[in-house]
2 protein chains.
Amino acid sequence: MDDHTDQTRKPRADAVRNRERVLEAAKLVFSAGGSEASLEAVAKRAGVGIGTLYRHFPMREALFEAVYRREVEQLGELAEQLKNEKDPIEALRRWLHSGVAFVATKKGMMAALALAVQSGSELHAFSFERLTKAIGSLLDRAVAAGEMRADINPEDLLRAFFGMCYVHDQPGWQATALRLLDVFVDGLRVQPPGKAKARSSKMAKPATKRKR
Amino acid sequence: MDDHTDQTRKPRADAVRNRERVLEAAKLVFSAGGSEASLEAVAKRAGVGIGTLYRHFPMREALFEAVYRREVEQLGELAEQLKNEKDPIEALRRWLHSGVAFVATKKGMMAALALAVQSGSELHAFSFERLTKAIGSLLDRAVAAGEMRADINPEDLLRAFFGMCYVHDQPGWQATALRLLDVFVDGLRVQPPGKAKARSSKMAKPATKRKR
DNA sequence: CGAAGATACGGAGGCACCCTCCGCTTAACA
DNA sequence: TGTTAAGCGGAGGGTGCCTCCGTATCTTCG
């Protein structure tokens with residue numbers, strides 16, 4: 001685990017720089033154009049040859065991975081901060097809500113990502129672990145405080161979160177996702193028999209417009 | 001709206017037959033290989049020329065649409081049947097659970113579908129309406145019976161359902177989805193202050209294994 | 001039934017993108 | 001500064017997407 005025991009050259013400066021450029025370009029291109037965007041477009045935007053792109057990211061999937069990895073990191077860090085929140089359930093809900101806002105800026109990324117994750121790659125392992133740990137800590141706190149049922153594990157919650165965020169097709173999807181998450185959190189809450197429906201007052205607005 | 005007022009020829013028999021063949025082939029191919037599968041493979045499997053495929057379904061998306069439309073129909077019909085169930089909430093839950101099983105057989109289809117729906121096509125309008133109506137009737141019954149909170153509309157519930165079904169990557173995803181849906185339904189339930197946590201006995205199994 | 005006309009079929013071909021491969025360039029190390 | 005390995009770029013072979021049009025087949029009408 002030393003730094004220079006097995007004669008490893010220092011990585012070339014231009015290689016590092018190019019890798020960074022490609023990542024940045026990919027983030028922009030995928031954000032805008034979705035997973036459809038051609039890798040050649042990414043290379044062009046990054047100002048590197050297509051060959052360079054492929055050396056750094058041998059498969060299309062690898063590029064998604066790298067781009068997405070950063071985003072996941074950010075979500076994880078957010079959870080860390082929220083652990084300072086007083087009310088544990090509120091902290092959890094805040095995280096979920098923030099997650100929605102975060103996802104909202106990703107647009108096309110999500111579709112690409114979904115496909116990438118589907119393939120059962122290592123990306124899945126990484127992000128799942130990172131986020132599970134994050135959400136798990138929030139969850140544990142709430143359970144320990146006796147405010148939340150203990151039969152749902154972090155993985156489940158994470159899945160539910162992603163699921164609800166996934167459906168973003170119409171303009172108002174964010175509000176919907178937030179509402180759905182609130183309901184879910186209500187379902188998780190341990191209701192003291194006495195004030196069973198008290199917390200519902202937190203959901204200020206009723207559903208938008210009861211169709212049909 | 002008559003049948004033969006504006007001189008419409010009867011559609012050619014071979015055209016109808018070929019369309020059917022392509023649909024069947026597409027269903028199989030997409031089910032197996034996911035959205036990656038080439039349309040030329042579909043054409044070959046259907047035993048028609050690539051040109052024929054493209055005339056019937058001008059865009060890749062159109063093919064997904066047509067295939068998916070049937071599946072949606074089936075889900076809708078299932079809801080009709082479940083309206084005869086006694087317990088309205090149980091009926092709703094049964095529908096959701098059946099939905100999971102249904103989705104489970106689709107495998108790769110879901111990814112393709114997600115992309116198609118994303119594009120805000122007419123498919124979305126159709127399936128959303130069909131399923132919303134189906135789920136809405138189940139929901140209304142439960143609300144009318146005073147067993148369910150009234151501030152969640154059918155659209156929301158549908159989104160939640162799809163969201164939870166979407167995350168299918170690992171072997172055990174079905175069990176997870178079912179559990180998540182149960183939690184969600186619990187969240188929807190109006191809890192009589194007296195027996196607040198009584199219904200939780202319905203969730204026989206605890207979460208599989210509380211990781212970390 | 002047979003001719004006429006509409007309609008559909010098939011697959012060649014143009015295009016875009018994927019990915020590989022290799023001669024040239026450039027940074028790291030001595 | 002010279003040596004050497006790592007990295008760069010983009011030409012090029014391959015595949016799949018989609019269009020276009022000459023040919024085949026079905027419907028209709030006399």
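Quick note on labels: first sequence line is chain A, next is B, and so on, each numbered from 1. Excluded from the calculations below are hydrogen atoms, water molecules and symmetry mates; all remaining heavy atoms, backbone and side chain alike, are included. Please read these numbers as outputs of a predicted model, since none were measured by experiment.
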> Determine yes or no for a side-chain-to-main-chain donor-acceptor pair under 3.5 angstrom, with A/Arg149 supplying the side chain and A/Gly187 the backbone.
yes
> Rounded to whole angstroms, how far apart are CG on A/Asn18 and P on C/dA27?
11 Å
> Which nucleotide in the list D/dC17, C/dC19, D/dG9 gets nearest to the side chain of A/Arg55?
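Selected nucleotide: D/dG9.
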> Salt bridge check, B/Asp14 against B/Arg17: does any charged N sit closer than 4.0 Å to a carboxylate O?
no
> Please report the shortest heavy-atom distance between B/Arg141 and B/Ala91, naming the atom on each side.
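What the structure gives for the nearest pair is NH2-CB, 3.8 Å.
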> Of the nucleotides C/dC9, D/dT27, D/dC17, which one has an atom closest to the side chain of B/Arg60?
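Between C/dC9, D/dT27, D/dC17, the one nearest the side chain of B/Arg60 would be D/dC17.
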> So if I take every side-chain heavy atom of A/Tyr54 and compare against C/dT20, C/dC9, D/dC8, which nucleotide ends up nearest?
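The answer is C/dT20.
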> Any carboxylate oxygen within less than 4.0 angstrom of a Lys/Arg side-chain nitrogen, looking at B/Arg179 and B/Asp182?
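A salt bridge is absent here (no side-chain N lies under 4.0 Å from a carboxylate O).
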> Report the distance from atom CG of B/Leu53 to atom P of D/dC17, rounded to the nearest whole Å.
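Distance check: B/Leu53 CG to D/dC17 P gives 10 Å.
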> How many whole angstroms separate atom CG of A/Leu63 from atom P of C/dC19?
11 Å
> So which nucleotide from D/dG7, D/dG9, D/dA11 ends up closest to the side chain of A/Thr52?
D/dG9
> Heavy-atom distance under 4.5 Å between the side chains of B/Leu178 and B/Leu96, does that happen here?
no
> Without decimals, in angstroms, what is the distance between A/Arg9 CZ and C/dA30 C1'?
10 Å
> Return the value, rounded to whole Å, for the distance between atom NZ of A/Lys44 and atom P of D/dG9.
14 Å
> Please state how far atom CE in B/Met59 lies from atom P in D/dT19, giving the value in whole angstrom units.
10 Å
> Between protein and nucleic acid, restricted to nucleotides 1-3 of chain C and to nitrogen or oxygen atoms under 3.5 Å apart, what atom pairs and distances do you find?
none

> Check A/Ala66 against A/Leu23 and note the closest heavy-atom contact, atom names and distance.
CB-CD2, 3.5 Å
> Please tell me if B/His56 has a side-chain N or O lying less than 4.0 Å from either OP1 or OP2 of C/dC9.
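For C/dC9, OP1 or OP2 has a side-chain N or O of B/His56 closer than 4.0 Å.
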> Can you measure B/Arg19 atom CZ to C/dA8 atom P for me and round it to whole angstrom units?
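It is 11 Å, rounded to the nearest whole Å.
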> Measure CG/A/Leu39 against P/C/dC19 and give the value in whole Å, please.
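After rounding, the reported distance stands at 7 Å.
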> Heavy atoms from C-beta onward define the side chain here; which of D/dG16, D/dC8, C/dA12 lies closest to that of B/Ser38?
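Of the candidates, D/dG16 comes closest.
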> Side chain of A/Val48, heavy atoms from C-beta onward: which of D/dC18, D/dT27, D/dG9 has the nearest atom to it?
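Closest nucleotide among those given: D/dG9.
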> Considering residues at least two apart in sequence or located in another chain, which fulfil the salt bridge (charged side-chain N to carboxylate O under 4.0 Å, His left out) criterion with A/Glu80?
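Not a single residue meets the salt bridge (charged side-chain N to carboxylate O under 4.0 Å, His left out) criterion with A/Glu80.
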> Quick one: on DNA chain D, does A/Glu40 or A/Gly47 contact a more 5' nucleotide (nearest heavy atom)?
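Mapping each residue to its closest nucleotide by heavy atoms, the 5'-most match is A/Gly47.
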> Taking the side chain of A/Arg12 as its heavy atoms from C-beta onward, which of C/dC9, D/dT28, C/dT26 lies nearest to it?
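Closest of the options to the side chain of A/Arg12: C/dT26.
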